[in-house]
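Reminder, nothing fancy here: chain letters follow the sequence lines and each chain counts from 1. In this text, all values refer to a predicted model and were calculated from it rather than measured experimentally.
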Protein chains: 2
Amino acid sequence: MATIYDVAKAANVSPKTVSRVLNGDAPVGDKTRDAVNAAMAELGYVPSNAARMMRSNRSGLIGLITGAISAPTENVQVAGLPELMLVQGIQQIIGLSGKTLMIADSGGQRDRVPHLIETFVRHRVEGLIYVAEYHQKVQLPRLPDDVPMVLANCFDDAGTPAVLPDDRRGQHDLVARLIAAGHERIAYLTLREDIVATGLRKAGYRDALAEAHLPYDASLVQCGELINPDGETQVLWDAIDRMLRLPVPPTVFCCGNDRLALKVYGILRSRGLLVPSEISVAGYDNYRVIAETLYPPLTTVELPYTAMGVRAAQRLIGLISGEGREDLAPSIVAGPVQWRGSVTDRRPNNVSQLKIVREE
Amino acid sequence: MATIYDVAKAANVSPKTVSRVLNGDAPVGDKTRDAVNAAMAELGYVPSNAARMMRSNRSGLIGLITGAISAPTENVQVAGLPELMLVQGIQQIIGLSGKTLMIADSGGQRDRVPHLIETFVRHRVEGLIYVAEYHQKVQLPRLPDDVPMVLANCFDDAGTPAVLPDDRRGQHDLVARLIAAGHERIAYLTLREDIVATGLRKAGYRDALAEAHLPYDASLVQCGELINPDGETQVLWDAIDRMLRLPVPPTVFCCGNDRLALKVYGILRSRGLLVPSEISVAGYDNYRVIAETLYPPLTTVELPYTAMGVRAAQRLIGLISGEGREDLAPSIVAGPVQWRGSVTDRRPNNVSQLKIVREE
DNA sequence: TCAGCTTATGACACCGATGTCATGACACCG
DNA sequence: CGGTGTCATGACATCGGTGTCATAAGCTGA
């Protein structure tokens, strides 16, 4: 591969002059510049980042570690999409800043992370982003002091800057919207108890009930997901069955995520109940492959992955340029409710009174 | 950040000796080695890849460009997962080879690809993989001659080595399996005509019919997808309606992909038809979020993305080590049929006669 | 006309590793 | 005892750019 010396020789100038043409950091005569450009094109010259970096000590690289690190029993294929969207948001911002994103995939093995970090440090990345596939707590090895890091969709005990989804507010907004639509008996089929989001969303659910002075009924809140997915459909069926037999049964099922809602559709229909005319269903995630494809389309809450990626990248860029190292509070990003045909609107006029604005 | 000179000074040896400890390429005295290791740990020394690369001229980097380059009207969120699985397969092999994967995301803008390639060449990647989100034809800018490239899930006119899914065989295997299960009137709701896979899969569908000496009936093959997704549900409804009113209606609907099958579930059920007892449904992709979550779970064909990624990476490694540059034929990778509860098995004893083995 | 300035260019050292070659200290062997 | 080989180590050049400083040419103004 051609070097700056080859170009200099071909253009009959010194290497330094070629460097000046490349970087435009000092005046160069028009004829000289043309000769250099011609020589570069002729030789197919592309400058070496490694050499440039040695001198300047600035790599222009940002490292990104994407987890796919899941609980051992979890289905690998279910995950992944959130991370992809986070990565796209991150890429947008990093690309704009002129830096290059290096992505490493741990392939689900948590113990590979230290090795990936080591590789990044060898490349002298200017900062690191760690992305988790779902809202969780993580523990990462310590980094050299001069490499800033941001956590996306996860947090740790060490106070590393983090960007998280606003699960509490998202669930609150959805339930508030359901109440405005005339629903008062709102069932909630939650995700597993050990998931961070479950606790937050339950709190949001109660917030909305309390705000509307509706009673909280524990028999309307049940877990619909198992760690071992084998018997899951049965558990879900039983939970739904119990709730439908209550003296005052629910008029809507909120589901822990859109995948759960998809299962609930199947179960309700096999019981002969029509969605939404006889029973309403809502999800969480705005997993569009499901939410928009279901018939009828699913009301859900958007998990603002792309926006979170954007925010995480912005925070990292800020840290790299040295500002605001003292601001350690996590950034919380909320997503809007996506209202679709799976929920009946019993009092449409109420809705106009409700103001929910969530846009990034 | 500490350099090899700092370590040398701290350990009272020459930089070259430190280098020898790092690389183990020449004998070093035990006491010296211990002193050097202690100094490295003390200083938190991590070698600089840039400097190493300058001498050796081998970067140890592989570039990966992931498309998310979709037709303008296509839903961005629907895509992505296939690429992620391809990337995981690629990562497995690249990681084993001791090289580092650099991933760049074009974020859906085709015109950014040349820039990404330029960036990779600046980093002196030893090879490039280009990943597309669905089986398609692409056209990429020319690379420097000494950078080998492999296309994954796509192909071009220039004869660049490619790895592709075996759509024809996949659809054939599924239909053959349906026939073995006693189905003779097999409807096929295809994807858009302009997609490469559609033509191949239709051919596979006809192959299987011909093999079983069943007649091909054009009224059983209809397109179920539109370029503009707005009226799609209506088109699908009409297509299904027409087929169900045929003198001899189909007993099973094959769908172009699992997402389409999800829609078909909704439509069939809203017509009061029970799946699978009254009508069977099959998909394509083995998009597990859908296929395993649907009720009943969906029979489908696996698109072997991970295996394709593995194959692509292996081919690239081969090219880099200089072997087999003459082998230009695309690698075709087939995936197995996933038989689940959405199709009735009318003649279970037949199935044992059918031998379909597809595993990677 | 010449000091003083700007413009255009080159010589040289340097960034942090590693390859090449040289050197000194031993051990072994005839 | 001296020649030869192995081991352990260091001096120095080198990879491909860029920062620093020097230099030569051209222009201005008193």
Side-chain angles (χ1 to χ4, degrees), chain A residues 1-37 39-40 43-61 100 118-126 144 146, chain B residues 1-37 39-40 43-61 100 118-126 144 146:
Chain A
M1 181 136 298
T3 75
I4 206 171
Y5 295 92
D6 301 327
V7 175
K9 203 173 297 176
N12 251 317
V13 297
S14 77
K16 180 66 216 195
T17 299
V18 178
S19 168
R20 282 191 264 257
V21 172
L22 275 172
N23 300 290
D25 53 355
V28 176
D30 288 344
K31 272 174 57 183
T32 315
R33 186 194 322 281
D34 291 347
V36 169
N37 282 325
M40 291 198 301
L43 296 169
Y45 169 74
V46 180
S48 153
N49 240 297
R52 176 171 294 180
M53 178 175 139
M54 276 195 62
R55 220 30 255 241
S56 64
N57 226 2
R58 301 181 59 247
S59 65
L61 293 173
T100 304
E118 159 96 8
T119 302
F120 279 145
V121 175
R122 286 168 112 93
H123 284 280
R124 299 291 187 269
V125 293
E126 297 175 16
D146 48 355
Chain B
M1 179 134 300
T3 75
I4 204 170
Y5 295 91
D6 301 326
V7 176
K9 202 173 298 177
N12 250 317
V13 298
S14 76
K16 180 66 217 194
T17 300
V18 178
S19 167
R20 281 191 263 258
V21 172
L22 275 172
N23 300 290
D25 54 354
V28 175
D30 288 346
K31 271 173 59 183
T32 315
R33 187 196 320 281
D34 292 346
V36 169
N37 282 325
M40 292 199 300
L43 296 169
Y45 168 74
V46 180
S48 153
N49 239 297
R52 177 170 292 180
M53 178 176 138
M54 276 195 63
R55 272 305 301 195
S56 65
N57 227 359
R58 301 184 58 249
S59 64
L61 293 173
T100 305
E118 160 97 9
T119 303
F120 279 145
V121 175
R122 286 167 113 93
H123 284 279
R124 299 291 188 267
V125 293
E126 296 175 17
D146 48 355

Could you check if a side-chain atom of [X] sits within less than 4.5 angstrom of a side-chain atom of [Y], using non-hydrogen atoms only?
X: B:Leu22; Y: B:Met40; answer: yes
X: A:Val13; Y: A:Arg20; answer: no
X: A:Thr100; Y: B:Arg122; answer: no

Could you tell me the separation between the [atom1] atom of [X] and the [atom2] atom of [N], rounded to a whole number of Å?
X: A:Ile4; N: C:dC14; atom1: CD1; atom2: P; value: 19 Å
X: B:Asn12; N: D:dA8; atom1: CG; atom2: P; value: 19 Å
X: A:Met54; N: C:dA17; atom1: CE; atom2: C1'; value: 7 Å
X: B:Asp25; N: C:dT18; atom1: CG; atom2: C1'; value: 8 Å
X: B:Met1; N: C:dA17; atom1: CE; atom2: P; value: 11 Å
X: A:Tyr5; N: C:dG10; atom1: OH; atom2: P; value: 14 Å
X: A:His123; N: C:dA17; atom1: NE2; atom2: C1'; value: 14 Å
X: B:Asp6; N: C:dC15; atom1: CG; atom2: C1'; value: 13 Å

| request: Using modelled atom types only, decide if a donor and an acceptor are shared between the side chain of B:Arg124 and the backbone of B:Val121 within a distance under 3.5 Å. | output: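 A pair under 3.5 Å: yes.
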| said: Using heavy-atom distances to pick each residue's nearest nucleotide on DNA chain D, tell me which of B:Pro27 and B:Arg55 is more 5'. | reply: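 Result of the comparison: B:Pro27.
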| B:Asp146 side, atom CG; B:Glu126 side, atom CD - distance, nearest 0.5 Å |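 Rounded to the nearest 0.5 Å, the CG-CD separation comes to 11.0 Å.
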| task | Can you measure from CG (A:Leu43) to OG1 (A:Thr3) and round to the nearest 0.5 angstrom? | result |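 A:Leu43 CG to A:Thr3 OG1: 9.0 Å, rounded to 0.5 Å.
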| message | OP1 or OP2 of D:dT18 versus the side-chain N and O atoms of A:Ser56: is any pair under 4.0 Å? | response |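 So the side chain of A:Ser56 is outside the cut-off, no N or O lying under 4.0 Å from OP1 or OP2 of D:dT18.
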| request: Please determine if a side-chain N or O atom of A:Thr17 lies less than 4.0 Å away from the OP1 or OP2 oxygen of C:dG10. | output: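 Affirmative; the distance criterion is met.
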| Side-chain-base donor-acceptor pair under 3.5 Å for A:Arg20 and C:dG10 |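 Per atom types, the contact qualifies.
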| Is there a donor and acceptor pair, one atom on the side chain of B:Lys16 and one on the base of C:dG19, closer than 3.5 Å? |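 Indeed there is one.
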| query | Is there a Watson-Crick or G-U wobble partner for C:dG30 with both distances under 3.5 Å, and if so, which one is it? | reply |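 Paired with C:dG30, as far as the under-3.5 Å criterion goes, is D:dC1.
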| task | May I ask which nucleotide in the shown strands pairs with D:dG10, Watson-Crick or G-U wobble, both distances under 3.5 Å? | result |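 Pairing partner, where one exists within any strand: C:dC21.
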Which of the following nucleotides, [options], is nearest to the side chain of [X]?
X: A:Asn23; options: C:dA17, D:dG17, D:dT18; value: D:dT18
X: A:Thr32; options: C:dT9, C:dG16, D:dT9; value: C:dT9
X: B:Ser14; options: C:dG10, D:dA11, D:dG16; value: D:dA11
X: A:Leu22; options: D:dG16, C:dT18, D:dT18; value: D:dT18

| message | Under 4.0 Å, heavy atoms only, any strand: does A:Val13 hit a base, just the sugar-phosphate, or nothing? | response |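 If one applies the 4.0 Å heavy-atom cut-off, A:Val13 turns out to touch the sugar-phosphate alone, with no base involved.
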| In terms of the nearest nucleotide of DNA chain C, which residue is placed more toward the 5' end: A:Gly29 or B:Ala50? |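 Final value for this comparison: A:Gly29.
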